[in-house]
There are 2 protein chains.
Amino acid sequence: MTGSNNQTSTGRARPGRTAATQARKESVLEAALECFAELGIEGTTIHDIQRRSNCSIGSLYHHFGSKEGIAEELFLDGIGRLNRGMLRKIKVCSNAEQSVHAVVGYYVEWTTRNQPMARYLHSRDVDFSPQARQRLKRIHRDYITAVFTFFAPFVERGEMRVLPLDTYVPLISGPIQEYVRRWLSGHHPNGPRKVKALFADAAWNAVKS
Amino acid sequence: MTGSNNQTSTGRARPGRTAATQARKESVLEAALECFAELGIEGTTIHDIQRRSNCSIGSLYHHFGSKEGIAEELFLDGIGRLNRGMLRKIKVCSNAEQSVHAVVGYYVEWTTRNQPMARYLHSRDVDFSPQARQRLKRIHRDYITAVFTFFAPFVERGEMRVLPLDTYVPLISGPIQEYVRRWLSGHHPNGPRKVKALFADAAWNAVKS
DNA sequence: CATTTACTAGAACATTATTCTATAATAGGA
DNA sequence: TCCTATTATAGAATAATGTTCTAGTAAATG
């Protein structure tokens, strides 16, 4: 009903038209993010996105189905990028403490370098269509699984505490995420770089044995 | 331009018409929250709110100025309630550890008892009109000030670490907030009650001397 | 009681999202 | 290479939704 969608934004697609299609979809998402940043989410119209991406109404609806569809795709795309970057980063770590520090550090760097996307991700973490919620749930589950698979040996070795699975991420990332959220919504002026070490230490303290 | 707005939702207003007005505004906000919960934020129309609150279009716009105005007022109202409840709760505490535990505990109880509002608060913490952002910033600043005024003696007595002002809230509330957010958006089924103690201990660990 | 101000009401209007029909480009098989 | 099915583009037409406007009602004020 919605259209193609043969790959998530990561996967390499077949060459030819599909590549061009992928490029067009990405240019739409890029335009949408810019609009959201400048005009606010409620403030941007489908025409704003259309104009900025040089895409016709028809194409837009062909590829995304609705305005909400664009917003959801953008969200899932952003989460995916963040998660993949994070996994790439921690996989080169060789012990628990280093890994936990890497999580906090990468989150700080990524959000500082991708402020519009970070702001967007923070702006709507709840409230999705059932299908998008489903996809998001899967993304989160896969991420948690991947992270835990990586951390499990550390837990077994006794470097980290044994805790309920769904508490690790909040314990490690919760504080820095909350700090960044407040910064991004303008409640305080200081970016997270100065407090990176503080939050990394706190994270490690929360989960170390 | 927008209309009256003689009091925030807390303040006792003069009797007579004003009281009725206040009641009407609150009934609109209540209706809006119900709609957001059932239909999603983007999914609810001004007419949905209007129907459910038995309020005419005219009244709606007289009191709130726009749909976004309703959403903002609802948000500020909710944050205000949460903050005031929190302050009330911690003010009866007599030492730092007890206070920190109270913060986490109250957050768990409040969000469990006010799930629709909690979900709404999580759904849009960023992305507001400049004026609303300003009001929100003030609310946050006042809250932080009040909390810190309360905690300051504990810091002086050496019960708590000396940290940058804007890091206390993320360190204490960040993990439980993140846990609750994930729960509310359906990523895991368990409510926060079972992990309350765990997160309270972690919070205390993060800020104790 | 007169007058001003706040509030209610919903039709008229404007904006914005979505659908629809037509056309062009590409891929894959004969 | 040509034919056909599929996918993509385009924008006018339409539907849905948000906002303004005019008129009238209730309360407050002096």
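Just so we're on the same page: letters track the sequence lines, and every chain starts at 1.
OP1 or OP2 of dT19(C) has not a single side-chain nitrogen or oxygen of His62(A) nearer than 4.0 Å. The phosphate of dG10(C) has neither OP1 nor OP2 within less than 4.0 Å of any side-chain N or O from Ser56(B).
Per the geometry, CD belonging to Gln22(A) stands 14 Å off C1' belonging to dA8(D), to the nearest Å. For the pair His63(B) NE2 and dA6(C) P, the computed distance is 12 Å after rounding to whole Å. Here dT8(C) presents its P atom at 13 Å from CD of Gln50(B), a figure rounded to the nearest Å. Regarding Arg24(A), its CZ atom lies at a distance of 13 Å from the C1' atom of dT7(D), rounded to whole Å. For the pair Arg51(A) CZ and dG11(D) P, the computed distance is 13 Å after rounding to whole Å. Spacing between atom NZ of Lys25(A) and atom C1' of dT7(D) amounts to 12 Å, rounded to whole angstrom units. The CG-C1' distance, from Leu60(B) to dC21(D), rounds to 16 Å in whole Å.
Considering only residues two or more places apart in sequence or on other chains, Glu38(A) meets the side chain to side chain donor-acceptor pair (under 3.5 Å) condition with Arg52(A).
Both the sub-6.0 Å distance and the 45° axial angle are not jointly satisfied by Lys91(B) relative to the ring of Phe150(B).
With values rounded to the nearest 0.5 angstrom, His188(B) atom NE2 is found 10.5 Å from Lys137(A) atom NZ. In this structure, the separation between CD on Glu34(A) and CG on Leu39(A) is 10.5 Å, given to the nearest 0.5 Å.
Residues Val155(A) and Met160(A) are in side-chain contact: their nearest non-hydrogen atoms beyond the backbone lie under 4.5 Å apart.
The aromatic rings of His122(B) and Tyr107(B) sit perpendicular to each other, their planes meeting at more than 60°, with 30° as the lower class boundary.
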Between protein and nucleic acid, restricted to nucleotides 16-20 of chain D and to nitrogen or oxygen atoms under 3.5 Å apart, what atom pairs and distances do you find?
residue, atom, partner, partner atom, Å
dG18(D), OP1, Lys67(B), NZ, 3.0
dG18(D), OP2, Ile46(B), N, 2.7
dT19(D), OP2, Tyr61(B), OH, 2.7
dT19(D), OP2, Lys67(B), N, 3.1
dT19(D), O5', Tyr61(B), OH, 3.4

